[in-house]
Amino acid sequence: MVCMGEEGYLKAARAIMDTADKIRLGLKGIPELRLLGRNSTFLISIGSDVPRILLCQRFTSRKKGWRMNGCQNPPGFHFCLTLPQTQPGIAERYVRI
């Protein structure tokens, strides 16, 4: 708050929420994936009924450079959006993986 001020903080929070919404919307268009949990403002959890969803998590982490955290029950992965991921084109690039 000291560096950004209230207005800067609110602008950053809005950008994070808008980017999360874009990614969620894009993921809903991929039939093999499903969003897990309740929609939070900046945490996205992904699961699948397709076996070996954790291979998808490893691929996106190791080959594409996205930092994903694996989940066990149910199998899947999640990540938190922060201000760097709000840059133009990032949400679209993620969904295109």
Side-chain angles (χ1 to χ4, degrees):
M1 292 293 277
V2 172
C3 293
M4 300 175 87
E6 184 176 348
E7 185 176 324
Y9 181 84
L10 292 173
K11 182 179 176 183
R14 173 57 49 205
I16 290 168
M17 289 186 277
D18 289 346
T19 301
D21 289 343
K22 285 181 191 176
I23 290 174
R24 276 191 203 91
L25 185 61
L27 291 173
K28 286 180 182 180
I30 302 172
E32 296 83 7
L33 300 179
R34 62 185 158 85
L35 295 171
L36 301 174
R38 300 180 71 194
N39 287 340
S40 73
T41 55
F42 60 90
L43 176 74
I44 297 176
S45 297
I46 302 166
S48 176
D49 293 326
V50 175
R52 307 188 84 176
I53 184 66
L54 293 179
L55 289 178
C56 181
Q57 180 259 335
R58 282 189 220 124
F59 174 78
T60 56
S61 294
R62 293 180 184 166
K63 300 292 185 186
K64 297 294 184 174
W66 294 92
R67 298 179 79 185
M68 306 290 161
N69 299 301
C71 301
Q72 292 181 347
N73 197 6
F77 53 93
H78 73 275
F79 59 99
C80 294
L81 288 160
T82 59
L83 196 54
Q85 288 89 36
T86 65
Q87 297 174 23
I90 296 286
E92 294 80 7
R93 197 173 94 216
Y94 180 79
V95 174
R96 259 194 328 263
I97 293 176

Side-chain polar contacts of residues 43-55 - donor-acceptor pairs under 3.5 angstrom, sequence neighbours left out - could you list them?
| from | atom 1 | to | atom 2 | distance (Å) |
| --- | --- | --- | --- | --- |
| Ser48 | OG | Glu32 | O | 2.5 |
| Ser48 | OG | Val50 | N | 2.9 |
| Asp49 | OD1 | Arg34 | NE | 3.4 |
| Asp49 | OD1 | Arg34 | NH2 | 3.1 |

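- To the nearest 0.5 Å, the span separating CZ on Arg93 from CD1 on Ile23 amounts to 10.5 Å.
- Distance check, rounded to the nearest 0.5 Å: CG of Leu33 to CZ of Phe77 gives 6.5 Å.
- At least one side-chain heavy atom of Pro74 sits under 4.5 Å from a side-chain heavy atom of Leu36.
- Of the inter-residue distances, the one linking Leu81 atom CG with Asp18 atom CG reads 11.0 Å to the nearest 0.5 angstrom.
- Separating the OG1 atom in Thr60 from the CZ atom in Arg67 is a distance of 12.5 Å, to the nearest 0.5 Å.
- For the atom pair CZ of Arg14 and OG1 of Thr19, the computed distance is 10.5 Å after rounding to the nearest 0.5 Å.
- Arg58 meets the salt bridge (Lys or Arg N to Asp or Glu O under 4.0 Å) test with no other residue; sequence neighbours excluded.
- Between Tyr94 and Trp66, the two ring planes are perpendicular [angle over 60°; tilted spans 30° to 60°].
- Between the OG1 atom in Thr86 and the CE atom in Met17 there is a gap of 12.0 Å [rounded to 0.5 Å].
- Between Leu25 and Lys22, every side-chain heavy-atom pair lies at or beyond the 4.5 Å cut-off.
- The two atoms that bring Pro84 and Ile90 nearest to each other are O-CG1, 4.5 Å, heavy atoms only.
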